[in-house]
Amino acid sequence: MRYMMLIYSRENDAATPEGMRPVAAAHKTVMEQARDHGIFCAADPLQPSMTATTVRVQDGQSLVTDGPFAETKEQLAGYYILDCQDLDEALAWAAKIPTACAGASGCIEIRPIREFPSRAPVNA
């Protein structure tokens, strides 16, 4: 089953490229390990939350606003999609993912991806 691991982190304007190099290196290690295990599907960092645009549909009209959907202390910083055998395996991989992606520590939300019948498995 594919799981999306959403990385939530507190954005830190003081974070420097030099200071973030160890975090990037740790992500590279996790991605390489997942590739070696044949479960890696995707992973990407996201631009800061200030670059987000939110679309809501109300009464058939699209309302577009700048910024994220909700004001929160932690912002969505990136994601991984891994094809794990079960939740226990997904939990073990999530524990390896660094959460300081936006400069401060955060958490990983794990969500199973709903598979549609017409989609072939990744590792078929």
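Everything numeric in this text was worked out from a predicted model, so none of it was measured.
- Members clustered with Val64: Val55, by chain and number, using a 4.5 Å side-chain heavy-atom cutoff among hydrophobic residues.
- Within the model, atoms CG of Asp83 and CZ of Phe40 stand 12.0 Å from one another, a figure rounded to the nearest 0.5 Å.
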Item checked: side chain to side chain contact (heavy atoms under 4.5 Å, CB included) between Thr99 and Tyr8, worked out -> CA-CA 7 Å; Thr99 61; Tyr8 289 93; over 6 Å; no

Next item on the list: Please step through side chain to side chain contact (heavy atoms under 4.5 Å, CB included) for the pair Glu11 and Ser49, ending with a clear verdict.
Entry: CA-CA 8 Å; Glu11 293 178 346; Ser49 62; 3.1 Å; yes

Next item on the list: Evaluate the criterion side chain to side chain contact (heavy atoms under 4.5 Å, CB included) for residue pair Met5 and Ile97; output intermediate values, then yes/no.
Entry: CA-CA 9 Å; Met5 297 166 191; Ile97 298 171; 3.7 Å; yes

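- Here the closest non-hydrogen pair linking Met31 and Ala43 is SD-CB, 3.7 Å.
- Every residue two or more places apart in sequence or in another chain that forms a salt bridge (Lys or Arg N to Asp or Glu O under 4.0 Å) with Glu109 is listed here: Arg111.
- The side-chain contact (heavy atoms from CB on, under 4.5 Å) search around Pro112 returns Met1, Tyr3, not counting sequence neighbours.
- Residues satisfying the side-chain contact (heavy atoms from CB on, under 4.5 Å) criterion with Gln33, sequence neighbours excluded, are Thr29, Trp93, Lys96.
- In the hydrophobic clustering (ILVMFWY side chains linked at under 4.5 Å, chained through shared members), Leu63 stands by itself.
- Partners of Arg35 under the salt bridge (Lys or Arg N to Asp or Glu O under 4.0 Å) rule, at least two apart in sequence or in another chain, do not exist in this structure.
- Surrounding CD of Gln85 are at most 12 heavy atoms belonging to other residues, nucleotides or ligands under 6.0 Å away.
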Next item on the list: Could you go through the side chain to side chain contact (heavy atoms under 4.5 Å, CB included) check for Tyr80 and Ile108 one step at a time?
Entry: CA-CA 10 Å; Tyr80 281 66; Ile108 305 290; over 6 Å; no

